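Some notes on the structure that comes next.
Keep in mind the model is a prediction, meaning the values are calculated, not measured. Numbers restart at 1 for each chain; the letters A, B, ... are given by sequence-line order, proteins then strands.
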Protein chains: 2
Amino acid sequence: MKAQPAPLYARIEAALRARIAAGEWAPGAALPTEPVLAAEYGISQGTLRRALAALEAQHVIERRQGAGTYVAEATSARALFHFFRVETPGGARPVPTSIAHLLETRPARGAEAAALSLAPRARVVAMERLRLVEGRPVVLEAIALPATLFAGFALPLGQVLEDELYVHYQRHHGVTVLRVEERLTAIAAPAEAAARLDVPEGTPLLAISRVAFDVLDRRVEHRHTLLRTDALRYAVELR
Amino acid sequence: MKAQPAPLYARIEAALRARIAAGEWAPGAALPTEPVLAAEYGISQGTLRRALAALEAQHVIERRQGAGTYVAEATSARALFHFFRVETPGGARPVPTSIAHLLETRPARGAEAAALSLAPRARVVAMERLRLVEGRPVVLEAIALPATLFAGFALPLGQVLEDELYVHYQRHHGVTVLRVEERLTAIAAPAEAAARLDVPEGTPLLAISRVAFDVLDRRVEHRHTLLRTDALRYAVELR
DNA sequence: GAGTGGTCTAGACCACCTT
DNA sequence: AGGTGGTCTAGACCACTCA
């Protein structure tokens, strides 16, 4: 009944993840080659490959035959098509434009502090953002980020945003989002949101509460989303 | 620019999947041991293990150290907690009771035929089902199954169902659901559904359109669900 | 052409389950 | 005690990328 140590490949995987999270290799940079890394840890190449395969499956690294192993970079494609699970009734995946219209640093509200596991009086960077598809407002988001991780956060207000937010998080704050948890409910549009989304008050909307997690599985973002589903729907696969 | 053959481990994986789908080993039965299977295919044990690991990750088989490799059985736990992604605001996963109140075989409707990739006039087994949590009706479902795969489908009507549907599909029709695709929208409760779910007409509800896929990735079920989200919410993880 | 990751093999040793 | 899957090693050969 003695506690078994974790398998070697799992310890190597954790060690490499920690080194990547610490910034030893920046996003887009190459890791040492397999023979070099294996020698460094004193393990066989096969065991190292098992650890690298796991990190690749989690999108922590990318491997290209003949080229090398690289720290994964956040991409617009992944942000838009993997983490933004919206499609038209025909199954097409629209590319929305985004406009932020509020940005402030303030104490976390109750739901935000709970979702981010923050102390009651911790500060967050809070923003609001509207997303449009074909010129029509379809998504309204209220986002909160732990101020300790996102010091000096800046975005242009009132104009179309260039980068996807998760790309911005990685480039400017070294925060890489690997997975998100979402909770969905259906609600009647409150007056203010209805006006923003250009629908009658009381229209049924999809309400999404999201928590995003980084490479070390820390809670790095809370997002409350209202989505018009008259022209869009939420698509997900369970396997 | 010649087409490369698939790697050996992928071909072995496909071959084993086909044999399991054909019923050569029933759900719950043991596969031959690794040395036996490897010898049968004339491959090394390592290559076989790679194929088996992939099938295990897809829940096609289960492997138990010291015991053997078994064809995965559909379980209530997986049906309830993996494929029924509903929780209370506190995060608890309720176990609903189910009552079917309609069962018939009829031509597929347009949406059903499309979702199941059936010919326009193909027949489906159609049923309706109400699910209750703590005695309150919270989920209303309309389910359609291809009649060719579910000949002689039977369920007791008007009383609490014993088995989860996906367990029933596997035990009685040899159909194993491995993954599902879902599309979600928010709608105002229509009169009939509102009455069944005991909410005022027009209440916002979550509408879920599901297609389920089996071991060979065939479309085996279409399900249209209406979910009350006043006391429940839909929970999903993206990674 | 040199170096990278991808595939496949062969075998040793171990932890675990069954009888 | 015997047999199972789990871990780890060592090495060969191949396909691919890039200078």
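Counting only heavy atoms from C-beta outward, the side chains of A:D214 and A:T176 never approach each other to under 4.5 Å. By the 4.5 Å heavy-atom criterion applied to side chains, B:P146 and B:R218 are not counted as neighbours. Side-chain atoms of A:L37 and A:L16, non-hydrogen and from C-beta on, do get closer than 4.5 Å to each other. Using a 4.5 Å cut-off on side-chain heavy atoms (C-beta onward), A:Y166 and A:V180 make contact. Side-chain contact check for A:E164 versus A:F83: every heavy-atom pair is 4.5 Å or farther apart. Contact check for A:E182 versus B:R85: no side-chain heavy atoms found under the 4.5 Å cut-off.
Taking the centre and axis of the six-membered ring of A:F81, the NZ or CZ atom of A:R93 falls outside the cone set by 45° and 6.0 Å.
In this structure, the helix from C:dG1-D:dC18 to C:dT18-D:dA1 shows an angle of 10° between the axis at its start and the axis at its end, each fitted on 5 base pairs and rounded to 10°.
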| query | Reading nucleotides 2-14 of chain D from the 5' end, what letters show protein touch, with B for base, S for backbone sugar-phosphate only, - for no heavy atom under 4.0 Å? | reply | -BBBBBSB-----
